[in-house]
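What you see below is based on every heavy atom in this structure, not just the backbone, and it leaves out hydrogens, waters and symmetry mates.
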Amino acid sequence: MTLIHTGPLGVNTLIVPLKGNKVFIVDPASCEFCGDESLVKDVLARNNMEPVAVFLTHGHFDHVAGLPFLKKSYPDLPVFIHKADSTMLGPSSGIQRQQLNYMGFGDFYAAVSDLPYPDGFLEGGKTLLDAYTAAFKDNLPAWLDAESEAREELSKWTVIHTPGHTMGSVCFYNQADKILISGDTLFYGSWGRTDLGGDETSIQNSLRLLKEKIDPNTLVYPGHDYAGFKMSDCF
């Protein structure tokens with residue numbers, strides 16, 4: 001797995017391998033405003049990686065600012081998000097403007113004023129494969145055929161709905177490989193803020209769920225800061 005720091009708040013953008021050169025991207029934030037617009041694309045090209053999807057842990061501006069450039073670079077690249085955060089995507093999202101103004105960072109709105117609409121939706125308890133096949137059930141690409149190793153790898157990732165930071169926040173859990181991509185729900189020794197469309201009671205419930213559900217030896221990759229710590233270091 002490749003970790004890149006992107007965008008205005010140093011998001012941990014992840015490029016996650018499947019099989020062969022196929023990868024998926026989590027939370028791309030590189031954009032012209034920050035001077036790193038082509039960073040994710042450059043890493044992909046340099047390593048001969050082919051992105052097959054973008055999966056978002058939530059819809060906050062700092063996690064989605066890289067979408068417009070990626071969609072221009074890879075027009076068929078689908079974007080997935082939980083339905084509860086889906087209104088944060090799409091051109092001229094009023095929610096993005098409202099949240100940026102609340103933070104005193106209105107100048108950044110231009111970077112997220114032309115976001116693409118989602119192509120599919122993430123659902124708690126389902127896998128990333130489920131999300132992809134639901135969105136493209138009548139037009140699945142060849143790399144997702146029944147015998148595909150990439151298909152098997154995508155099926156290892158389960159979506160855990162963890163509302164609180166936003167109401168559509170999710171984590172991605174690979175139980176077989178003991179990896180949790182936690183977005184801004186869980187950090188090393190901390191958890192995400194709840195004043196930008198979230199709820200404190202909900203995030204505390206989500207943290208309890210993660211404590212109960214996730215193997216303590218699992219490596220955690222949050223949306224910011226230190227990554228690759230063990231789940232047992234958090235609780």
Side-chain angles (χ1 to χ4, degrees), residues 1-4 11-29 40-41 43-45 47-59 63-64 66-67 70-71 73-86 89 116-162 168-183 185-186 210 213-215 218-223 227-228 231:
M1 186 157 56
T2 302
L3 188 156
I4 315 167
V11 165
N12 289 337
T13 294
L14 297 169
I15 300 175
V16 183
L18 295 171
K19 283 292 183 180
N21 69 338
K22 302 290 191 294
V23 299
F24 65 83
I25 302 168
V26 177
D27 294 354
V40 174
K41 182 181 179 182
V43 171
L44 293 169
N47 293 281
N48 191 34
M49 296 171 175
E50 180 184 345
V52 298
V54 175
F55 297 109
L56 300 172
T57 62
H58 63 291
H63 288 251
V64 303
L67 291 177
L70 278 179
K71 288 291 276 189
S73 302
Y74 307 95
D76 297 327
L77 185 66
V79 175
F80 296 83
I81 193 169
H82 193 277
K83 279 188 178 180
D85 274 16
S86 61
L89 299 187
Y117 289 109
D119 298 284
F121 299 105
L122 304 168
E123 185 178 343
K126 300 294 184 70
T127 69
L128 296 185
L129 176 63
D130 292 332
Y132 201 107
T133 54
F136 298 101
K137 58 186 175 182
D138 297 324
N139 190 30
L140 288 177
W143 66 269
L144 268 184
D145 64 39
E147 305 301 321
S148 165
E149 290 182 322
R151 179 188 182 98
E152 181 181 350
E153 288 299 310
L154 199 59
S155 72
K156 291 181 179 179
W157 290 94
T158 299
V159 178
I160 304 174
H161 185 206
T162 52
S169 287
V170 298
C171 298
F172 305 127
Y173 182 37
N174 186 324
Q175 185 174 16
D177 295 335
K178 290 185 171 57
I179 298 172
L180 178 73
I181 298 172
S182 63
T185 296
L186 176 66
L210 292 177
K213 191 177 186 72
I214 307 303
D215 185 309
T218 296
L219 297 181
V220 182
Y221 291 83
M231 191 71 183

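Looking at every heavy atom in both residues, Asn12 comes nearest to Pro222 through ND2-O, 3.0 Å. The shortest non-hydrogen separation linking Leu56 to Pro28 is CD2-CD, 3.9 Å. Of all the heavy atoms in Leu122 and Ala131, the pair that sits closest is CD2-CB, 4.0 Å. When all heavy atoms of Ser169 and Asp85 are compared, the closest pair comes out as N-OD2, 4.1 Å. The minimum heavy-atom distance linking Asp215 with Met231 is given by the pair O-CB, 3.6 Å. When all heavy atoms are compared, the tightest approach of Leu89 to Pro116 is CB-O, 3.3 Å.
Taken from CD in Gln175 to OG1 in Thr218, the straight-line distance is 8.0 Å, to the nearest 0.5 Å. Between the CD1 atom of Ile160 and the OG1 atom of Thr185 there is a distance of 10.0 Å, given to the nearest 0.5 Å. Residue Leu144 holds its CG atom at 10.0 Å from OG of Ser155, rounded to the nearest 0.5 Å. In this structure, CG in Leu128 is found 11.5 Å from CD in Glu153, a value given to the nearest 0.5 Å. With rounding to the nearest 0.5 Å, the separation of CD1 in Ile4 from CG in Leu44 is 7.0 Å. A distance of 5.5 Å separates CD1 of Ile179 from CG of Asn174, quoted to the nearest 0.5 Å.
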**OP:** Check the pair Thr2 / Asn47 against side chain to side chain contact (heavy atoms under 4.5 Å, CB included), numbers first and verdict last.
**Re:** CA-CA 10 Å; Thr2 302; Asn47 293 281; 5.9 Å; no
**OP:** List the steps, then state whether side chain to side chain contact (heavy atoms under 4.5 Å, CB included) holds for Thr162 with Leu186.
**Re:** CA-CA 10 Å; Thr162 52; Leu186 176 66; over 6 Å; no
**OP:** Verify side chain to side chain contact (heavy atoms under 4.5 Å, CB included) between Phe172 and Leu180, making sure each step is shown before the conclusion.
**Re:** CA-CA 6 Å; Phe172 305 127; Leu180 178 73; over 6 Å; no
**OP:** Please assess Leu3 against Leu14 for the test side chain to side chain contact (heavy atoms under 4.5 Å, CB included), listing each intermediate value before the final yes or no.
**Re:** CA-CA 5 Å; Leu3 188 156; Leu14 297 169; 3.9 Å; yes
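Panel note: side chain Asn48, backbone Asn21; no donor-acceptor pair is recorded below 3.5 Å. Under the 3.5 Å distance criterion, the side-chain polar atoms of Thr158 are left unmatched by any main-chain donor or acceptor of Gly125.
Sorted by first then second residue, the side chain to side chain donor-acceptor pair (under 3.5 Å) pairs that include residues 116-136, not counting sequence neighbours, are Lys71-Asp119, Thr127-Asp130.
When each of Phe24, Phe55, Trp157 is checked for a ring pair (Phe, Tyr, Trp, His ring centres under 6.0 Å) with Phe80, only Phe55 meets the rule.
Aromatic ring pairs are classed by plane angle as parallel below 30°, tilted from 30° to 60° and perpendicular above 60°; the pair His58 and His63 is tilted.
At least one side-chain heavy atom of Val16 sits less than 4.5 Å from a side-chain heavy atom of Ile181. Contact of the Leu154 side chain with the Trp143 side chain is registered, since non-hydrogen atoms from C-beta on lie closer than 4.5 Å. Here the side chains of Thr13 and Ile25 are in contact, with some heavy-atom distance below 4.5 Å.
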